[in-house]
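Scroll down for the structure; my scribbles are underneath it.
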Amino acid sequence: MPTQKSEIRLMKGNEALAEAAIRAGLDAYFGYPITPQSEVLEYLTEQIPKRHGLVLQAESEVASINMVYGAAGAGARVMTSSSSPGISLMQEGISYIAAAELPCLIVNVVRGGPGLGTIQPSQGDYFQATKGGGHGDYRLIVLAPASVQEMCDFVFDAFKLAEKYRTPAMILSDGALGQMMEKVEFPEEGSLPHQVPTWATTGKKGRERNFITSLHIEPEKMEMINLHLQEKYKEIEKNEVRYETFNIDDAEIVLVAFGLPARICQKAMELARDKGIKVGLVRPITLFPFPKKILSDISKKVNNFLVIELNAGQMVEDVMLAANGRCPVHFKGRMGGMIIQPEDILEEIEKIVEQPIMQE
Amino acid sequence: MQQEILLDGMECVYQKPATLTDDYLHYCPGCGHAVAHKILMEVVQEMDIQEDIVGVAPVGCSVFAYNYMNIDMQEAAHGRASAVATGIKRVLPEKYVFSYQGDGDLAAIGTAETIHTVNRGENILIVFINNGIYGMTGGQMAPTSLLGQKTSTSPYGRDVEHNGYPLKITDLVAQLPGAYYVTRQAVHTPNTVRKFKKAVKNAFEYQKLKKGTCFIEVVSNCPSGWKITPKETIQYLEEKMFPFYPLGDLKVPGQSKN
Ligand SMILES: Cc1ncc(C[n+]2csc(CCOP(=O)(O)OP(=O)(O)O)c2C)c(N)n1
Ligand code: SF4
Ligand SMILES: [Mg+2]
């Protein structure tokens with residue numbers, strides 16, 4: 001098969017993510033259809049037979065994530081994708097993958113919940129993605145794209161990080177990013193080489209046997225495993241925090257938003273600045289590790305944070321922890337698949353600015 | 001590592017296979033799991049495929065199978081062993097892959113994975129240890145528990161109106177076109193052990209042909225869960241289990257019995 005050169009295309013977010021996965025050297029994809037991410041499975045089932053790798057439609061998300069476990073344990077570069085209800089079904093498997101320290105990519109193109117909810121975009125799965133999701137003390141590395149270009153780029157980043165730390169990585173997207181079309185520049189194929197890790201179960205040729213498990217009956221051993229995992233998450237927090245800032249230096253009020261709302265916030269920030277209100281913006285790119293330090297630093301010099309999310313207020317709790325009482329943290333969100341408008345945010349900003357400033 | 005045995009001039013007539021580790025088995029005395037493990041590993045040794053095989057352990061009493069089988073292994077979530085085995089086999093198509101599962105694992109919580117793995121005709125071996133009970137969790141009713149069988153969650157005996165019928169999942173599996181070889185065996189006598197061993201050998205030979213799933217049920221015992229002595233389990237197997245789960249081939253390559 002011919003390897004793909006770098007090129008620019010106009011594409012849907014879901015398709016860009018799927019194309020990126022092939023170019024990132026995906027060995028295997030296991031998934032189950034669900035709107036608004038089915039294009040990932042559709043694109044891969046169309047492309048992979050003509051190119052390289054393996055794609056299999058499983059009988060459920062439960063099966064998909066356990067196939068991911070098996071293939072990752074066998075040393076393959078492997079992924080699955082789904083949307084909120086499907087990701088809920090995967091949680092036991094994700095916990096096993098994190099505990100057994102297997103690298104893989106899980107994509108959640110979030111839709112509105114709870115329950116069957118709606119197929120429209122949402123950020124209602126922030127808690128699930130960043131606080132563990134399944135049982136036990138574990139974390140995922142969570143990347144939040146805000147453009148179709150990042151739907152492509154973060155596939156490479158996620159595989160790199162997952163393999164570096166032997167841990168599952170998640171791309172937390174949403175229904176709008178999955179469906180919208182934008183220009184996207186793909187890197188040349190083959191930029192992310194992959195070697196079968198020495199711990200993989202590939203048959204014990206010329207070495208002691210490998211086994212993959214998350215079971216440790218003795219509490220002393222189980223605590224050691226937990227301590228080891230927590231060490232790893234600390235390393236990740238030390239090395240892998242990513243965020244973007246806009247107009248922070250002179251800002252009196254700083255917006256905090258991830259994913260699509262961060263783009264809406266940019267527009268709101270412009271509208272406010274046109275009115276002479278000094279507004280800045282922080283966009284967390286990694287939701288775990290969360291950009292605590294920058295938010296903590298900013299909290300020492302601004303008057304207010306305003307957190308904008310497409311949920312009932314989830315990341316706002318992490319912003320509050322980072323601000324640690326040093327400045328008020330406000331929240332404005334929409335739910336159920338509704339998308340907040342720049343004007344709504346501006347209105348909120350004006351409300352906050354009109355309030356008397358809190359004294360220390 | 002195989003321990004050195006000092007024979008003191010005597011002839012060695014039996015040795016456990018090098019495909020078993022020296023770990024002490026945690027199984028209760030008289031439990032069929034131990035025999036099934038040993039036979040599986042004997043076949044792996046005799047076929048010389050120790051370096052080319054990956055096994056999947058379930059959640060159930062055999063969760064620690066990877067401590068005993070001296071091969072590469074993965075431990076799956078409860079019920080998902082055949083999905084995990086699918087993931088392994090799809091990325092390592094030239095390796096031998098098997099899952100080893102209990103009746104709760106394979107025929108209750110993992111029924112969907114079992115049916116669909118076989119229906120896709122995954123080129124793996126599924127070893128299904130049917131002891132008619134949840135051994136690991138302390139003897140609760142399994143999907144395969146017999147009518148009238150007393151367990152800790154059917155203390156008055158399994159009642160068809162309340163609990164439904166024992167599930168003959170092997171008969172179901174045999175109906176699926178993806179199944180290549182389906183057989184029901186036992187490991188409670190030397191003769192049944194020999195037959196089981198032959199079935200395992202067949203299954204691994206067939207796996208090379210890439211013709212579909214091989215499925216071996218072992219109608220086994222659980223002295224602790226059944227709350228009888230190991231010796232009494234032999235009688236229970238023969239008088240109660242085999243009449244409902246008759247031993248023999250359900251589907252053989254070339255001469256489908258369906
Ligand atoms: C999701 C989940 N549910 C329940 C359990 C508890 N559990 C562990 S083993 C088991 C049943 C095992 O029975 P079986 O598969 O027949 O194996 P056996 O011990 O009899 O060999 C159950 C219910 C679990 N570990 N995970
Ligand atoms: S509980 Fe039953 S199945 Fe489990 S080891 Fe003991 S006898 Fe065997
Ligand atoms: Mg059982």
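Below, chains carry the letters A, B, ... as their sequence lines are ordered, and counting in each starts from 1. Because the structure is a prediction, the values reported are computed rather than measured.
- When heavy atoms are compared at a cutoff of 4.5 Å, Val62(A) approaches chain B by way of both its backbone and its side chain.
- Using a 4.0 Å cut-off between a side-chain N of Lys or Arg and a carboxylate O of Asp or Glu, Arg184(B) and Glu217(B) qualify as a salt bridge.
- Between Asp171(B) and Lys251(B) there is no salt bridge, since no side-chain nitrogen of the basic residue lies less than 4.0 Å from a carboxylate oxygen of the acidic one.
- Using a 4.5 Å heavy-atom cut-off against chain A, the contacting residues of residues 79-95 of chain B are Arg80(B), Ala83(B), Val84(B), Thr86(B), Gly87(B), Ile88(B), Arg90(B), Val91(B), Leu92(B), Lys95(B).
- Of the N and O atoms on the side chains of Thr202(A) and Arg207(A), at least one donor lies less than 3.5 Å from an acceptor on the other residue.
- Of the two parts of Tyr69(A), the backbone and the side chain both hold a non-hydrogen atom closer than 4.5 Å to a non-hydrogen atom of chain B.
- The pair Lys208(B)-Glu205(B) meets the salt-bridge criterion, with a side-chain N (NZ, NE, NH1 or NH2) lying under 4.0 Å from an Asp/Glu carboxylate O.
- Against chain A, the residues from residues 99-119 of chain B that qualify, each with a non-hydrogen atom under 4.5 angstrom away, are Ala112(B), Glu113(B), His116(B) in number order.
- Interface remark: Ala72(A) contributes no atoms to any contact with chain B (heavy atom separation under 4.5 Å).
- The pair Arg51(A)-Glu19(A) meets the salt-bridge criterion, since a charged nitrogen lies less than 4.0 angstrom from a carboxylate oxygen.
- Proximity to chain A is limited to the side chain of Val59(B), based on heavy atoms less than 4.5 angstrom apart.
- Only the backbone of Ala76(B) comes within contact range of chain A, judged by heavy atoms closer than 4.5 Å.
- Ser83(A) places a side-chain heavy atom less than 4.5 Å from the side chain of Pro36(A).
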